Protein chains: 2
Amino acid sequence: MTSRPTLASLAEQLGLSRQTVSNAINAPERVKPETLRRVNDTIAATGYRPNAAARQLRTRRSRNLGFRLMPVEDGINGAILDRFLHSLTENLQEHGYRVTLFAARDDEAEIRSYDELLETSDLDGFVLAGTHHGDARSDWLLARSVPFVTFGRPWNVSGDDKDCAHSWVDVDGRAGTAEATNYLLGRGHRRIGFLGWPAGSGVGDDRRAGWASALDEALTPADLDALSVGVPDGTRQGAEGARLLLERGATAVVCASDSLALGASEQFRAATPGNPAAVIGFDDTPVAAAMGLSSVAQPVEQAAKEIVDIMRHVLDGAPDEQVPVTHRLLKPRLVLRDGGGPLASPLSS
Amino acid sequence: MTSRPTLASLAEQLGLSRQTVSNAINAPERVKPETLRRVNDTIAATGYRPNAAARQLRTRRSRNLGFRLMPVEDGINGAILDRFLHSLTENLQEHGYRVTLFAARDDEAEIRSYDELLETSDLDGFVLAGTHHGDARSDWLLARSVPFVTFGRPWNVSGDDKDCAHSWVDVDGRAGTAEATNYLLGRGHRRIGFLGWPAGSGVGDDRRAGWASALDEALTPADLDALSVGVPDGTRQGAEGARLLLERGATAVVCASDSLALGASEQFRAATPGNPAAVIGFDDTPVAAAMGLSSVAQPVEQAAKEIVDIMRHVLDGAPDEQVPVTHRLLKPRLVLRDGGGPLASPLSS
DNA sequence: CAACTGTATTTGAACGATCAAAAGAGATAG
DNA sequence: CTATCTCTTTTGATCGTTCAAATACAGTTG
């Protein structure tokens with residue numbers, strides 16, 4: 001066994017030239033079928049693999065995409081990004097791409113990283129999670145026409161998604177909370193509260209809107225107003241908010257996150273012992289599963305797949321081809337559990 | 001603004017040769033101080049960054065390490081790997097290394113990935129999580145003398161770590177459960193149970209051993225035997241196991257995971273209403289934090305740092321220098337919380 | 001038969017860095 | 001004055017691939 005085979009060594013072995021072997025790999029249609037077969041045979045026999053660095057040097061493509069790891073926050077909601085990242089990696093891998101991670105404390109540091117990673121030319125593009133409108137990061141990338149797709153809408157103030165200059169894939173939170181609310185309506189609840197975050201966050205307001213739309217006919221605007229509470233994310237805050245909602249006569253609650261739902265569920269169970277809590281969370285995190293909490297599940301695997309599709313379109317397309325900006329809104333799925341904590345009996349439905 | 005600066009363009013600008021500029025970057029001591037200053041100035045002025053691909057092609061180093069994303073399991077314990085990965089990325093980044101992710105369904109597929117990633121020569125080494133003795137992966141990597149460090153001991157049957165042929169960093173689970181048990185002893189508990197997994201898993205047995213050693217004097221062997229329960233990981237199983245322990249007179253319990261602890265805590269609270277549950281989990285996952293559960297925290301950040309240190313030693317050292325195999329066992333930390341779920345009152349200690 | 005067509009293959013250069021060895025400039029010694 | 005040594009800088013080759021253009025060859029065509 002000598003050294004690793006290269007194009008040149010293969011070519012010599014076959015009595016061909018480098019370039020023909022190269023063509024057999026990258027542009028098979030240019031090569032005579034008979035030759036192609038011979039080349040493929042020896043490639044298989046020798047286990048030849050093109051050297052990534054050499055290829056990258058010449059083509060200026062690394063088949064590597066960057067993903068920024070967000071600072072670990074509460075970790076409950078972080079779990080969903082974990083699943084996303086996993087799925088992203090798998091999907092990209094199938095198409096010969098890889099994910100390179102990088103960490104950054106804030107958006108500014110993230111941009112510095114972009115610069116660095118692009119300058120050394122080892123990344124072809126980026127996948128961003130959680131952009132906001134006027135996001136310095138997307139602006140920076142757009143200005144340099146670096147390929148990127150975001151998981152999450154930019155939430156531009158105008159509310160008009162059409163003018164967004166970059167592709168994104170997101171989950172329709174509004175549809176999710178609407179479905180959750182409708183489910184509770186179907187179970188006979190009327191005074192269904194919404195436990196979310198302080199107004200102003202795109203995601204939060206969207207989720208609230210779904211709840212409000214579902215109750216549009218069942219409740220008066222005044223009631224809607226009373227039954228909507230906004231608190232910072234967290235279990236304790238969730239319990240606090242739920243207490244308020246209970247005081248205002250809520251018999252069920254739809255939450256903007258599983259953290260909130262966890263706190264709320266505890267509060268509801270304490271208030272109405274014996275009854276399974278009519279609390280629905282968001283994100284279907286492992287905690288929700290462990291606690292038997294119903295929750296709205298984001299189809300992160302599908303999101304990752306769609307993002308990869310868009311990316312491939314951009315990266316594998318002809319160099320000058322102008323790929324249209326794509327926006328995809330995915331429907332979440334309501335996952336029903338007994339809702340009463342790990343030991344509660346199943347719903348008698 | 002023309003095109004990206006290269007060594008050659010810098011050299012021309014300075015009236016020097018490529019190699020001198022290269023030396024200024026990679027071996028400053030070989031360059032006259034005055035020249036070095038001039039070079040550094042123009043590097044700063046032009047924002048020059050060496051092209052990673054070209055460098056990689058020549059040096060056969062990518063400054064990229066591979067990390068396999070495990071299949072998402074329960075996600076509760078997955079959170080700890082998430083933190084680890086984050087810290088790993090940050091630490092490597094500080095030293096000019098990057099993390100490339102890849103997914104694999106099983107060990108065999110993982111090995112195929114190694115092969116692929118190494119052949120195309122874009123990875124310098126790997127960081128593995130969760131190895132076991134006789135692990136095909138570590139054997140494969142060792143046989144090819146690919147640099148790698150594992151997070152987790154290989155748990156070889158002999159129990160003798162000394163003969164392990166590769167470097168690892170791990171957390172001393174035994175010390176963790178011992179500390180937890182001692183804490184409960186200090187609080188007046190005597191019949192302290194252990195809720196773990198079925199015997200046979202290295203990690204699980206290690207954690208059980210810590211509990212047993214702390215109770216060595218307080219309990220008879222028979223009691224120890226009765227107060228140790230092994231069940232598959234999960235909240236429901238934890239509750240089930242805790243029921244058993246309560247029947248056998250346990251007043252407190254140390255668990256091998258937060259999932260188990262979560263179920264146990266629920267069970268204990270139901271059995272002794274009013275009292276905060278004397279349940280201690282393991283891993284200090286977000287769930288534990290959210291539920292106010294005490295737990296043994298693994299210093300994953302430190303583990304990541306140590307792993308990076310070892311890796312740097314191997315990769316940045318002289319090519320022929322034989323780096324000694326390193327084993328590091330880190331002490332976990334007991335994180336105390338009220339233990340009574342999100343709404344329970346704090347301990348009246 | 002010369003001129004054209006199209007297909008299949010080859011050649012030389014380039015990508016941007018580093019390695020190995022040579023060369024130039026001073027200093028020191030014999 | 002030459003030889004030797006050290007310090008600094010330069011030269012030419014090389015890593016393995018792809019690009020752009022050239023070549024070879026067979027088949028049409030007027």
Side-chain angles (χ1 to χ4, degrees), chain A residues 2-40 43 46-63 96 118-122 124 316 318-320, chain B residues 2-40 42-43 46-64 96 118-122 124 316 318-320:
Chain A
T2 60
S3 57
R4 244 171 58 72
T6 68
L7 273 192
S9 80
L10 282 195
E12 195 183 14
Q13 215 176 118
L14 284 158
L16 289 169
S17 68
R18 290 175 313 234
Q19 188 61 38
T20 302
V21 183
S22 172
N23 283 338
I25 296 169
N26 301 306
E29 73 282 1
R30 284 199 208 158
V31 173
K32 190 163 64 170
E34 157 69 8
T35 313
L36 181 58
R37 200 188 48 70
R38 282 180 55 218
V39 173
N40 282 334
I43 286 183
T46 55
Y48 165 79
R49 286 187 207 293
N51 179 301
R55 180 175 268 180
Q56 179 181 341
L57 175 59
R58 191 67 242 244
T59 61
R60 313 201 152 281
R61 300 237 153 162
S62 63
R63 303 192 74 82
L118 289 168
E119 282 290 320
T120 57
S121 88
D122 33 30
D124 292 348
D316 292 344
D320 48 354
Chain B
T2 60
S3 56
R4 243 172 57 73
T6 68
L7 272 193
S9 80
L10 281 195
E12 194 183 15
Q13 214 175 120
L14 284 157
L16 289 168
S17 68
R18 288 173 316 227
Q19 188 60 37
T20 303
V21 183
S22 172
N23 282 338
I25 297 171
N26 301 306
E29 74 282 1
R30 284 199 208 157
V31 173
K32 190 163 65 169
E34 157 69 8
T35 313
L36 182 57
R37 200 190 48 71
R38 282 180 55 219
V39 173
N40 282 334
T42 42
I43 285 183
T46 56
Y48 165 79
R49 286 187 207 292
N51 179 300
R55 181 175 266 177
Q56 180 181 341
L57 174 60
R58 189 69 242 242
T59 61
R60 311 200 151 282
R61 300 236 153 162
S62 64
R63 301 192 76 82
N64 251 297
L118 289 168
E119 282 290 320
T120 56
S121 88
D122 33 28
D124 292 349
D316 292 343
D320 48 354

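Atoms considered below: every heavy atom in the structure, side chains included; atoms not considered: hydrogens, waters and symmetry mates. Source: prediction; values computed, not measured. Letters A, B, ... are given to chains in the order of the sequence lines, protein chains preceding strands, and every chain is numbered from 1.
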A.B. asks: What string of B, S and - do you get for nucleotides 16-25 of chain D, 5' to 3', when a contact is any protein heavy atom under 4.0 Å?
C.D. replies: BBBBB-----
A.B. asks: Return the value, rounded to whole Å, for the distance between atom CG of B:Leu36 and atom C1' of D:dC7.
C.D. replies: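 It is 15 Å, rounded to the nearest whole Å.
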A.B. asks: Can you name the residues that form a side chain to side chain contact (heavy atoms under 4.5 Å, CB included) with B:Ser17, not counting sequence neighbours?
C.D. replies: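 Per chain and number, B:Ser17 pairs via side chain to side chain contact (heavy atoms under 4.5 Å, CB included) with B:Gln19, B:Thr20.
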A.B. asks: Working to the nearest 0.5 Å, report the span between CD of A:Gln56 and CG of B:Asp122.
C.D. replies: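 With rounding to 0.5 Å, CD (A:Gln56) is 8.0 Å from CG (B:Asp122).
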A.B. asks: For B:Asn40, what residues pass the side chain to side chain donor-acceptor pair (under 3.5 Å) criterion, not counting sequence neighbours?
C.D. replies: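 Once residues adjacent in sequence are excluded, B:Asn40 has no partner under the side chain to side chain donor-acceptor pair (under 3.5 Å) criterion.
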A.B. asks: Please report the shortest heavy-atom distance between B:Tyr48 and B:Ile25, naming the atom on each side.
C.D. replies: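 Heavy-atom minimum between the residues: CE2-CD1, 3.6 Å.
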A.B. asks: Can a donor-acceptor pair be found, under 3.5 Å and without considering hydrogens, that links the side chain of A:Thr59 to the backbone of A:Arg55?
C.D. replies: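 Looks like yes, one N/O pair under 3.5 Å.
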A.B. asks: Under the 3.5 angstrom rule, does the side chain of B:Thr46 hit a backbone N or O of B:Thr42 as a donor-acceptor pair?
C.D. replies: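 Answer holds: yes.
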A.B. asks: Round to a whole Å and report the spacing from CD of B:Glu29 to P of D:dT9.
C.D. replies: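 Value for this atom pair: 13 Å.
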A.B. asks: Side chains of residues 29-36 of chain B: which donor-acceptor pairs under 3.5 Å do they make with residues two or more places apart or in other chains?
C.D. replies:
none

A.B. asks: Which residues satisfy the side chain to side chain contact (heavy atoms under 4.5 Å, CB included) test with A:Glu12, sequence neighbours excluded?
C.D. replies: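 Checked A:Glu12 against side chain to side chain contact (heavy atoms under 4.5 Å, CB included); zero matches.
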A.B. asks: Quickly work out the A:Asp122 CG to C:dA17 P distance and round it to whole Å.
C.D. replies: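 Roughly 13 Å, once rounded to whole Å.
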A.B. asks: Is the phosphate of D:dT9 approached by B:Thr20 (side-chain N or O, under 4.0 Å from OP1 or OP2)?
C.D. replies: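 So the side-chain polar atoms of B:Thr20 never come under 4.0 Å of the phosphate oxygens OP1 or OP2 of D:dT9.
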A.B. asks: Within this structure, what is the CZ-to-C1' distance between B:Arg30 and D:dT10, rounded to whole angstrom?
C.D. replies: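 After rounding, the gap between these two atoms is 13 Å.
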A.B. asks: Is the phosphate of D:dT9, meaning OP1 or OP2, less than 4.0 Å from a side-chain N or O of B:Thr35?
C.D. replies: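 Yes, such a contact exists.
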A.B. asks: Can you give me the bend angle of the helix from C:dC1-D:dG30 to C:dG30-D:dC1? Use the axis through the first five pairs and the one through the last five, nearest 10 degrees.
C.D. replies: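 Its terminal axes enclose an angle near 70°.
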